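To start, the structure under review is shown below, and the notes come after it.
Just so it is clear: chains get the letters A, B, ... in the order the sequence lines come, proteins before strands, and each one is counted from 1. In this text the structure is predicted, and so the values were computed from the model without any measurement.
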2 protein chains.
Amino acid sequence: MATGRTHRPATRSRGIPEATVARLPLYLRALTALSERSVPTVSSEELAAAAGVNSAKLRKDFSYLGSYGTRGVGYDVEYLVYQISRELGLTQDWPVVIVGIGNLGAALANYGGFASRGFRVAALIDADPAMAGKPVAGIPVQHTDDLEKIIKDNGVSIGVIATPAGAAQQVCDRLVAAGVTSILNFAPTVLAVPDGVDVRKVDLSIELQILAFHEQRKAGEEAEALIEAEAEAEAAAAKETRKGPDGDVPAVMPA
Amino acid sequence: MATGRTHRPATRSRGIPEATVARLPLYLRALTALSERSVPTVSSEELAAAAGVNSAKLRKDFSYLGSYGTRGVGYDVEYLVYQISRELGLTQDWPVVIVGIGNLGAALANYGGFASRGFRVAALIDADPAMAGKPVAGIPVQHTDDLEKIIKDNGVSIGVIATPAGAAQQVCDRLVAAGVTSILNFAPTVLAVPDGVDVRKVDLSIELQILAFHEQRKAGEEAEALIEAEAEAEAAAAKETRKGPDGDVPAVMPA
DNA sequence: GCGTGTGAAATCGTTCACAGCC
DNA sequence: GGCTGTGAACGATTTCACACGC
């Protein structure tokens, strides 16, 4: 969903696979840790372990960036940190605004991980007039009315939406109209954006639901030989019931 | 990533692709919204639009669950809500503990999206004795010392880690030892877990870095689109502050 | 000898396009 | 006529395995 467009047919050699891009921050984190411990070089095997991937994947990923390693030796930590940072665009400073300073917005504003990479929280914006002027993480909250001016004055191109779901699309529209072209969305809503705008979403409850799926599966496996056809039978039976004019639906979960 | 299992050779029909599982919560959300508006049926086209995917993918996804639609008509909303909920394991109640009640932990505790699906925050745990007893989101925070007891008393199998990175592995080990088999990790660390334990991670700064990559790319394309060489020269002249793309081995970025 | 870099193979995921059923 | 369900084509990603340079 994020990054649907490849509006540019023959965008030459800069073709780094999306899956690789998504792992670069992981490598960068592991490398930064090594760098802080003054480790000079690292092998693909070691770095892969630190990043939680396998070494073949890591080497393939790095091969898209260039030949930055030394055969028989490994990778120079500092050099790789720089190369990946550059590739990710972190050698420049990205001013970011956070819209929606509730619990989550405040947590984001306080999150150290932003500042330590190339990100700078340029402004906090909230619709509640009572919030205006209150400092959160040392930054005074500003009112939504001034959103456009804030974006333009600060040259912001990345926005973070941490509002309730109901407000997200409207906020998004205003951000985009004001010039924002990348959005990180924490609201549980699908955002519609024009071509050329990237949206990435983080949905806390979706992650839990995926875990629940696997958790349920584990429980089922424990019961091994026992259950085999229950779900199947139930589905079949349910489908049978609903052959009638108006579908008979089994007990639905609490909304 | 940390879902290495699937040591189950046979078992035919239960093979739902991971990519599909990851989208089921999305469909469920869209369907729940339709359900609340009392929409009785929906076509793959409409539902796909609401979920932000294309209709072919959605139909393929649903085909893994079974034949739950009606040709020429579409899908029964209530029925699908039930089927997806069941598939995801949301027809049962999942007690969850949140460890690390800082800004983020508090935000999670207050997050309505958990309770509305099958999740129940069974306990909040923090290492700070000063937090003990304080209510957050109406739930009193308990001390880490009691972690094992809390897990066992509540039959918790899903844990959320929202501690600083340094504490995450230790917390993880204790959760796992106490019986937790699924972990949602917000700490910027790779967690090592034994086989059979699932970990999903959410890293706020990684998402921003991925956006930055695309943002940088857009800027590059803009320049490219203008006039090849001239745009590049102009950009270099205009902003001499930062050493742009393509450098030899310049100074390393701020750690 | 060691560990990177990379074609080639295998696997996984998406999209196409249309047969089948309402 | 409309819309689902699905093989088959396509594309992306991962894994394998080994040649190559240090």
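- Spacing between atom CD of A:Glu18 and atom P of D:dT13 amounts to 8 Å, rounded to whole angstrom units.
- Looking at heavy-atom distances under 4.0 Å, A:Tyr75 makes contact with sugar-phosphate atoms alone, never a base.
- Side-chain polar atoms of A:Arg86 and A:Thr91 form no donor-acceptor pair below 3.5 angstrom.
- Remark: P of D:dG2 and CD of B:Glu45 are 13 Å apart, rounded to the nearest angstrom.
- Every residue two or more places apart in sequence or in another chain that forms a salt bridge (Lys or Arg N to Asp or Glu O under 4.0 Å) with B:Arg23 is listed here: B:Asp61.
- Atom CG of B:Leu58 is separated from atom P of D:dG5 by 10 Å (rounded to the nearest Å).
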Shorter than 3.5 Å, N or O on both sides, protein versus nucleotides 6-11 of chain D: list them out with atom names.
| unit_1 | atom_1 | unit_2 | atom_2 | d |
| --- | --- | --- | --- | --- |
| D:dG7 | N7 | B:Lys60 | NZ | 3.3 |

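- Closest heavy-atom contact between A:Leu184 and B:Leu204: CD2-O, 4.2 Å.
- Contact footprint of chain B on DNA chain C: nucleotides with an atom under 4.0 Å from a non-hydrogen protein atom, first to last in 5' to 3' order, C:dG13 to C:dC22.
- Between A:Gly72 and A:Tyr68, the one whose closest nucleotide on DNA chain C sits nearer the 5' end is A:Gly72.
- Minimum heavy-atom separation, A:Leu47 to A:Val42: N-CG2, 3.7 Å.
- Closest heavy-atom contact between B:Val190 and A:Ala50: CG2-O, 3.5 Å.
- At its two ends the helix from C:dG1-D:dC22 to C:dC22-D:dG1 runs along axes set 0° apart, each axis drawn from five pairs and the angle rounded to 10°.
- When the salt bridge (Lys or Arg N to Asp or Glu O under 4.0 Å) test is applied to A:Glu207, the partners found at least two apart in sequence or on another chain are B:Arg200.
- Toward the 5' end of DNA chain D, the nearer of the two residues A:Thr70 and A:Lys57, judged by each one's closest nucleotide, is A:Lys57.
- A sub-4.0 Å separation between OP1 or OP2 of D:dT4 and a side-chain N or O of B:Ser44 is present.
- Ring to ring, B:Tyr75 and B:Phe62 are close: their centroids are under 6.0 angstrom apart.
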When the side chains of residues 163-172 of chain B are checked against the rest of the protein, which donor-acceptor pairs come out under 3.5 Å, sequence neighbours left out?
| unit_1 | atom_1 | unit_2 | atom_2 | d |
| --- | --- | --- | --- | --- |
| B:Gln169 | OE1 | B:Ala192 | N | 2.9 |
| B:Gln169 | NE2 | B:Asp173 | OD1 | 2.8 |
| B:Gln169 | NE2 | B:Ala192 | O | 3.0 |

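- What you find for B:Ala48 and B:Asn54 is that their closest heavy atoms are CB-C, 3.7 Å.
- With ring centers used as reference points, B:Tyr82 lies 6.0 Å or more from B:Tyr79.
- The distance from atom CZ of A:Phe62 to atom P of D:dT14 is 14 Å, rounded to the nearest whole Å.
- Here the closest non-hydrogen pair linking A:Lys218 and B:Val197 is NZ-CA, 4.2 Å.
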